[in-house]
Amino acid sequence: MMDNMEKLMKEQTEAFVPSLPESYSKMFEATVSNLKRRAADSEKNKPARGERSFAKPLLAAAAALVLLFAAAIGILFARPALAAEIPGVSGLVYSVAPTKEASEADAERIKELIEEAFHSLIFADYDRAERCFRDGYMTQRENYLAALYLYSAFNDYGDFTSDVRAEVGEAAQLELGELRMEQKAFSYTVRFTLDIMSVYAQWGGGEDTEMIGSKECVVSIWENTEGMFIERIEILAEDHQYIIEDGQPLIENIPSTNEGFALVPIDEAIRDYILFYSRHYGLNYGIDMLNGIIAELEAIPAAPEDKAVRLNILQTELEKAEGKVVQKYLPYEQIASELIHRFYLGEKNGEMSEFSDILEHNEDTDLFLVEAYHNAESTALGLRTRCDSVKVIVQLNELLEETDEFIKAKFGYHYELPYRFVPDEADEEIIVMSGSRTVTLTIEKGKNGLLIVAVEPEYEKELYSMIRAAAEKYKQQGYSWQEAGQMVADELHQKNLRYLEWLENEAKKTPEERARETAIGLAGELMYQYWHSSRGIPDSAVNHFTERTEQTDLFLWDTLLAAESVLLGVREPLFEKVECGTEELVEILEETDEIIKALIHTSVEVKGDGIKHIEQDIILTVRKDEPEFKIIGFENPSEDCLFLKELEQIAERYKAQGCSWQDAGRMAYEEVHERLENLANGG
């Protein structure tokens, strides 16, 4: 029986495993001979009748384990890929296999596999790409999202590829950096950089490339007797994590399966993304996006067969989107367009437009009229520049409700307001203010035509939201909607008058008075930026209004050290938050046509364990250099800065040795910086 088992297992092993090395054959024969000898000894001492013998089953199991181990070792040395297909052997082979560098031949095959897979994914050719993956692995979550990332990085779809900006008419191409490969039995781990290049035409002909992004990638590969296949693609990038965690609506409609995602073509996911914005900004917006994507795809210098799959999907979606622009709603777009156009005419004419023929004045339209009146009055008083013309494009975004009596719909609109300026008697300059917004209108279908009976603007952080909040407050106090609206309108009128008075007073101020106010304001800003830096956030804003002179040099070094000491880990941030404080003129110490020197009291509010104020008296010397004043001198009588005193002592030592103030300040900074580094390193 033992001989038959041995013969059978040898035949099964040889069917899968090439000839074993001689050393392992000898080990195998010695092991089997030893087991036979033990079996013979056991037979001599066999138990009495009725007692069960475990020798033969144990011997058979031991022989099977020996053969299995021998098979695993043979596979490992001969053809590791075989192990991937033999149950019971694959795990053993993998566990005993060493980790080593992939051979040159394997490296070449792996590179071709990854290039083929990535090339197919960026062109959404999934039939072609799926042949590069192990069965069923392409639809797993991580691989699907990696495919989505490759597609988006190649095509520049905005929010989730912020570092990839190929212009229309240009193209992006992906290049693999140096591949670093490790092999363990039948598995390979490949690490490399994915370089995203922008291809653009040169003047005079030809093309050139520029790197616009680089991402670290890790690819896991599995090999069997049929070849190499990808198991997992991992892209180590922050924007890739955004897609994984927050990339809605790109993946919200992807159906899940037990194994992962059902593979929805990425162009369809992008279609959902476009339709999401179409619902918000209008169907025409989605059509424009599709046309833009198609134009970019056609400009990509790739083979037509590579682009054919994506072009077909995108053009099909374009035809569907264009079919959804229903002409029967055009009259509603026209009345919405008229409403918005008249609203902005107030900023052109300085007079509120007449709305009564298209808008019913009621509780649901009153605050819209209050805002329209305020904007027109602001223009009439000269508090805002009159625009030259008004251009408005309105489209129906979404039909919310429709009956025989009314329609409620969301409209998107884009406005352009050109303003004409003639700065300093130079050539005139035209600046166009533009933006896109949405508004929900309820439109009554009356016998005499359409009439807007409700207006709901959707720009919550602007003036309308403040008007509505103020009106709600008055209504809660018992006022009618008419009274509440009028009281808010009166408040806005008074605010305009106060602003107008302030502008008139500013115009009456002498240049000396304005210069003093500027110097005082710079003191508060300077100390705010300094204590902001002390939280470990170096702020270059200080350098914009402070000139490096002998009187400011050490303070600027102190500002840098205040941030570095936190970044090096030498000290904790002093505060959680720094708020702009107040500044007050104490005394003008010197004033000429060129400079102002003043003692100024500053107070900066900081938040940490509670709220407190840092009070400092500083002496600033400010050069009158309109339109930008510059701080050219800083003295700190209260000595509350972090490193200033130490810097002054060190700089004086270097000056005594004959160094210039520039060299003395720089060396003083380097000395303190070195001390901080030593502290950070435990010195």
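Excluded from the calculations below are hydrogen atoms, water molecules and symmetry mates; all remaining heavy atoms, backbone and side chain alike, are included. Position 1 is the first residue of the sequence; numbering continues from there. As the structure is a prediction and not an experimental result, all values here were calculated from the model.
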Item to check | Lys655 and Glu648 ion-paired at < 4.0 Å | outcome: no
Checklist entry - Could you give all pairs that pass the ring-ring contact (aromatic ring centres under 6.0 Å, His included) test and reach residues 662-682, with sequence neighbours left out? => result Trp557-Tyr669, Tyr669-His673
Item to check | Contacts of type salt bridge (Lys or Arg N to Asp or Glu O under 4.0 Å), residue Asp553, not counting sequence neighbours | outcome: Arg548
Item to check | Mutual orientation of the aromatic rings belonging to Tyr415 and Tyr413 [parallel < 30°, tilted 30-60°, perpendicular > 60°] | outcome: tilted
Checklist entry - Can you list the residues that meet the salt bridge (Lys or Arg N to Asp or Glu O under 4.0 Å) rule with Glu635, with sequence neighbours excluded? => result Lys597
Item to check | Listed partners of Ala372 passing side-chain contact (heavy atoms from CB on, under 4.5 Å), at least two apart | outcome: Phe343, Met352, Phe355
Checklist entry - Got a sec, which residues hit salt bridge (Lys or Arg N to Asp or Glu O under 4.0 Å) with Arg386, two or more places apart in sequence or on another chain? => result none
Next on the checklist: I'd like to check the ring pair (Phe, Tyr, Trp, His ring centres under 6.0 Å) partners of Tyr654; sequence neighbours left out, ordered by chain and number.
Outcome noted: none
Item to check | Pair listing, salt bridge (Lys or Arg N to Asp or Glu O under 4.0 Å) test, anchored in residues 560-573, at least two apart | outcome: none
Checklist entry - Would you call Glu671 and Arg666 a salt bridge, using N to O less than 4.0 angstrom? => result no
Next on the checklist: According to side chain to side chain donor-acceptor pair (under 3.5 Å), who are the partners of Thr549, at least two apart in sequence or on a separate chain?
Outcome noted: Thr552
Next on the checklist: If the condition is salt bridge (Lys or Arg N to Asp or Glu O under 4.0 Å), which residues does Glu491 pass it with, not counting sequence neighbours?
Outcome noted: none
Checklist outcome for this item: side chain to side chain donor-acceptor pair (under 3.5 Å) filter on Glu483, not counting sequence neighbours, yields Ser480
Checklist entry - Under 4.0 Å between a Lys/Arg side-chain N and an Asp/Glu carboxylate O for Glu216 and Arg180? => result yes
Checklist outcome for this item: Contacts of Lys475 meeting side chain to side chain donor-acceptor pair (under 3.5 Å) (sequence neighbours excluded), chain-then-number -> Glu363, Glu472
Checklist entry - Which residues satisfy the side chain to side chain donor-acceptor pair (under 3.5 Å) test with Asn505, sequence neighbours excluded? => result none
